[in-house]
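Only one structure is covered here, and it is reproduced in the block below.
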Amino acid sequence: MISFLDLAKINNRFRSEIDARFARILDKGWYLQGDENESFAKHFAEYCGTKYAIGVANGLDALNLIIRASGFGPGDEIIVPANTYIATILAISENGCTPVLVEPDIHTYNIDPDKIEAAITPKTKAIMVVHLYGQAVQMQKVWDVAKKYGLKVFEDCAQAHGAFYQGKRVGNLSDAGAFSFYPGKNLGCMGDGGAVVTNDEELYKKVKALANYGSDRKYHHIYKGTNSRLDELQAAVLDVKLPHLDADNARRREIAAFYRKNITNPKIILPETYSEDAAVWHVFAVRTEERDRFQKYLTDNGVQTIIHYPTPPHKQGAYAEWNDRSYPIAEEIHRTIISLPMSPVLTDDEVAEVVRIVNEYK
Ligand SMILES: *Cc1c(COP(=O)(O)O)cnc(C)c1O
């Protein structure tokens, strides 16, 4: 079986370094908000090109804290793509804000920047873009419309660590970026983890305090905060892996280029990219009419696949109030999409084998 994502193989490349860091933590007996967090936050901000980074408990909390620290709540609307992992939308709901869904572009699968303006109302406060499947949103039109209406812009970077737009990395393209380090992400830890990055000092301080019981110093609480911390073990894993992220992303690009050049089956629609450095190929999502038949064929031939995602957020039980709505482009993507194996540890032979099997599909 060619596995979709072999996490043991990915992390075992760094086994001795991770072992050494864990031993250091055991020796010190310091598990939260210590040197590992400080080191990783510094390195991750440098990597993204932002002034600040804060480790938090997971990607959903990172999104949540950005919205909360910006002071948005009930009565406020936030624009978000209809085609995303549900976490982006849940973070808006959790703050009592209203998510306003905007259709994606059928070619990039990201929010269609030309459709944002029509969704703006006097209640709109922010645009939350998602760099889906690892491709940076083409931000220029997003910035233009945000500027015209005085809106904040935020990024969900959970699938796009290291992707570029106009020479800057995601996370550094807006007021604040949210990252997830869920194990399967391009930069993943060994449990849950997340980060907020920003150039805004005030936002940075507020997120940092909110994530730590609303406390700006010990036993001094200025907000009704929460507990959302990245623990020292996870920060250590991330600090070990971060220097290898660009090489891993380069390998993903190599595999994506091979797939795009060699998959010639007319039944398969390949993903498009507008610039090489814009995409870090978190997943390699293709589309095909009889998606479920294609998936069964691949499984029968030893190729593991995953569907990102089978049901759009507006058709989920969690958003029953939206179930009658129609977002035809988002629905078309969810109906036809399927992700082929993609990871930095796939071998050339495995990639060639996937291509052969996909091309033989009838
Ligand atoms: C993974 C993911 C999240 C949530 O991250 P968690 O760390 O699992 O909370 C949010 N948005 C997108 C687009 C994701 O892929």
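Start at 1 with the first residue, then count along the sequence. Only this structure's heavy atoms are used, side chains among them; waters, hydrogens and symmetry mates stay out. First listed ligand is number 1; within each ligand, the first listed atom is number 1.
- Under the side chain to side chain contact (heavy atoms under 4.5 Å, CB included) criterion, Glu202 pairs with Asp200, sequence neighbours left out.
- Between Phe181 and Phe40, the distance separating the two ring centers is shorter than 6.0 angstrom.
- The N/O atoms of Ser180, backbone and side chain alike, include one that comes under 3.5 Å of an N/O atom in ligand 1.
- Counting only non-hydrogen atoms, the option in Gly134, Pro81, Ala87 that gets closest to atom 10 (C) of ligand 1 is Ala87.
- Within the 4.0 Å heavy-atom criterion, the part of Asp156 lying near ligand 1 is the side chain and not the backbone.
- Between Trp143 and Tyr165, the distance from one ring center to the other falls under 6.0 angstrom.
- Residue Gly59 places at least one N or O, backbone or side chain, under 3.5 Å from an N or O of ligand 1.
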**OP:** Apply the test side chain to side chain donor-acceptor pair (under 3.5 Å) to residues Tyr133 and Ser339: give CA-CA distance (whole Å), side-chain angles for both, the deciding distance (0.1 Å), then the verdict.
**Re:** CA-CA 10 Å; Tyr133 308 142; Ser339 304; over 6 Å; no
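- In terms of protein heavy atoms, atom 9 (O) of ligand 1 is closest to Leu60 N, 2.9 Å.
- Nearest protein heavy-atom neighbour of atom 1 (C) of ligand 1: Lys185 NZ, 1.7 Å.
- Considering backbone and side-chain atoms alike, Gln159 places an N or O below 3.5 Å from some N or O of ligand 1.
- Checking Gly188, Ala158, Gly191, Ala178 against atom 3 (C) of ligand 1, the nearest heavy atom belongs to Ala158.
- Considering only heavy atoms from C-beta on, Val130 stays 4.5 Å or farther from Ile111 through its side chain.
- Shown here are the salt bridge (charged side-chain N to carboxylate O under 4.0 Å, His left out) partners of Lys115, two or more places apart in sequence or in another chain: Asp112.
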